[in-house]
Peer 1: 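Would you mind keeping the following structure in view while I ask a few things?
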Amino acid sequence: MRNLLFLAVRYLRFHRFRTVILLLTLTSLLYLPLAVILITDISQQSLTLRAESTPVIIGSRGSDLDLVMNALYFQPSQLRTVPYSLLDELNHEERGRPVPFFLGDTARGYPVAGTSPAYFSERNLRVAEGYMITGLGECVLGSRVAESLGLKPGDRIITDPENPYHLAGSYPLELKVTGILEASAGWDDRAIFTDIRTAWIARGLGHGHDELAGEQGTVLKEEKGNLVGNASVRMYNRIDPENRNDFHFHGSTADFPLSGILFFPDSSRSEAMILSAYGEHSLLQAVEPDKVILKLLDTLFRIREILNWVLGVTLTITTGAVVFILVLTVRLRKAESLTLYRMGGSRSLIVRLTAVETFILGIISFLISLLLLGVTWLFRLNILDLLIQ
Amino acid sequence: MKSNFFVLFFLTLSSLLQAAGGQDSSESTGGKPLVFTANYPLYYLCLSYAGDSVEMIWPFDEGEDPAFWEPEDEDIRILQGADLLILNGAGYDKWLEYSFIDTGKTVDSSRRFRDTFIETDRSGSHSHGGGDIHDHGGTAFTLWLDLSQYSRQAEEVHKALVKLLPRDEETLKERHRVMSDRIEALDRDFRAAAEQYEDTPLLGSHPVYQYFARAYNLEIHSLLLEPDVYPSEKDWKDLAQMKALYGADLMIWEGEPLPETRSTLEEMGIGWFVISPGFNMPEEGDFMGLLEKNLRALKNRGTGQ
């Protein structure tokens, strides 16, 4: 057996080009169908789990899929915002726990989600390192964000400017990282969480600046007891305990925007009441994410069916090609087989030698496929991200 | 070897005892829901209703006005662990604007009478460039000095506690009934005592008597004086001008003024008495005692206090 193995390995090494082609063919034969199954299963599980853990999402009327993708997977949305006062209304209805969220900005490419402490308890997210946000200007990072950006508690991260050439646009805001969340193997690992008011400030809806009354040359005019500041007034781009009292919002925060509200009802009756209350609303909608995701998965499964057909045809052709290569190899090695036979080797030795070579190729292809499947698993969220986008 | 064994034995034993002790102490505090109240009048209600069933959070220093409380990170972390946060409303709880607190756990005790809030003047307002005019405050917040409003706040506190402690519903109901009766009786007494001031304008040391004046038909013109600070030249000048303008020779203070302030007031022919808003815990007695003291002062026009 050792001799057979020696001969087989020597042969495969000598015919490198043929060996590589066979390895690629066999690997694709094993990996592709398994990868399709893995990705669709992961997508199904990941999407369904997150959707099922969020009973109701309330947002502006429009595409329900857009609302769910925005609320659960932090994808940009074209939907209108809802007023913050809606949160108060839901709180007073006492039918469950409303959790506000506001998405708008990004920091180094990752979504910045403004929310309330209830988000973390409902999603069962705990701080692994550092501590939870206590106030304005602070954030906690999802584990993957922290890992990929190399950030730790105490570091700072700046929100991405929406448009650097838009001079009147909002100022980038420096956020202090107070903690890193435990890995959840989900979408929360890939987001930056902050207080809803901090998210508003990052959007330019609130600000902090130098005291107008105390500074010389900062007042443009005074009208009806109201000081109008000029352009020299220094705006704060970082919120510290020392200046956080100076941050303020113009207008009533009741009218300020929310991307939507995740709603966790206290009973199935409450859930039905909420769904019915917003079912007929002209400006708002309440959706059940699991149903929306089921519709999306139907589409995904239809795509998988098509893929299966394509793969089936490809695999048949590839298998034929592999068999053809092996048969051709045996024919090409006729002279070699004759030499072995004359040296005293039996006919079965030739068959066994070919079998060992094929077995080695099979094992290596299998290991490469496993490795590729592992890599696919590692990048499952990125793949899912691409799929969702 | 033997001695090592004993060291290990005692270390294990002491750690076990410590662990057991820790558990006991966490049970004694952790078993009860944590409740925060924004000021002393609300704290008093909560304590009277459910002091035996909840653990109260009182982070304010002695003499500190909770309206201007600026919580540290550690304070906010404690509040994040609270089961119920009872707020005053009317812009009183300004610290909430920069604190990461779950609004689902908060109860605004004055939300049902928001439409009756008194807006104060907008001094200190400003705008930036073409931006909107805005100010930072502007709503009077000493709601509880109007006892009918305090009664409505008590109703909200009661409801919130019943939701938090459904098993204690009957007890809470009974305690709330007793409390409501006491507040109503005091409210009637304040109305009766205030009748004597029908044609008597009063001066207020601080702008905290808006609801008190409205509820009991009082004409109060306020300055910006602190009882523990001797007024400046300008303050005395303003006071003299207001005395002359409104014909007022009686002044209400938040707390007892300094002896030198009292002397100057006497020289100016201004009588005074204390109507304490009771923001923080009194040195002695409780909130009802404080209200009764206020009532006596109002009845006696300051004499005999």
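Here is how names work: the chains are called A, B, and so on, in the same order as the sequence lines, proteins then strands, and each is numbered from 1.
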Peer 1: If we ignore hydrogens and angles and just use 3.5 Å, is the side chain of B/D75 paired with the main-chain N or O of B/P59 as donor and acceptor?
Peer 2: no

Peer 1: State plainly whether the residues A/D88 and B/R111 are in salt-bridge range, i.e. N to O under 4.0 Å.
Peer 2: no

Peer 1: Go through B/F60 and B/W95 one step at a time and tell me if the ring-ring contact (aromatic ring centres under 6.0 Å, His included) criterion holds.
Peer 2: CA-CA 13 Å; B/F60 312 111; B/W95 54 271; 8.2 Å; no

Peer 1: Are there residues of residues 127-141 of chain A whose heavy atoms fall under 4.5 Å of chain B's heavy atoms? If so, which?
Peer 2: A/Y131, A/M132, A/I133, A/T134, A/G135, A/L136, A/E138

Peer 1: With a 4.5 angstrom heavy-atom cut-off, is it the side chain or the backbone of B/L79 that approaches chain A, or both, or neither?
Peer 2: neither

Peer 1: Less than 4.5 Å to any heavy atom of chain A: does that hold for the side chain of B/L96, its backbone, both, or neither?
Peer 2: backbone

Peer 1: Taking B/F279 as the fixed residue, which of B/Y43, B/F68, B/Y40, B/W144 is the one that meets the ring-ring contact (aromatic ring centres under 6.0 Å, His included) rule?
Peer 2: B/W144

Peer 1: Salt bridge check, B/E97 against B/K94: does any charged N sit closer than 4.0 Å to a carboxylate O?
Peer 2: no

Peer 1: If you measure only the distance, is there a donor-acceptor pair under 3.5 Å linking the side chains of A/T159 and A/D105?
Peer 2: no

Peer 1: So which atom in A/F264 and which in A/S53 form the shortest heavy-atom distance, rounded to 0.1 Å?
Peer 2: CE2-O, 3.2 Å

Peer 1: Give, as side chain, backbone, both or neither, the part of A/D195 having an atom under 4.5 angstrom from any heavy atom of chain B.
Peer 2: both

Peer 1: Checking A/L87 against chain B: side chain, backbone, both or neither under 4.5 Å from a heavy atom?
Peer 2: side chain

Peer 1: Which atoms of B/E74 come close to chain A, meaning under 4.5 Å heavy atom to heavy atom: side chain ones, backbone ones, both, or neither?
Peer 2: neither

Peer 1: Among residues at least two apart in sequence or on other chains, which ones pass side-chain contact (heavy atoms from CB on, under 4.5 Å) with B/S48?
Peer 2: B/Y44, B/M179

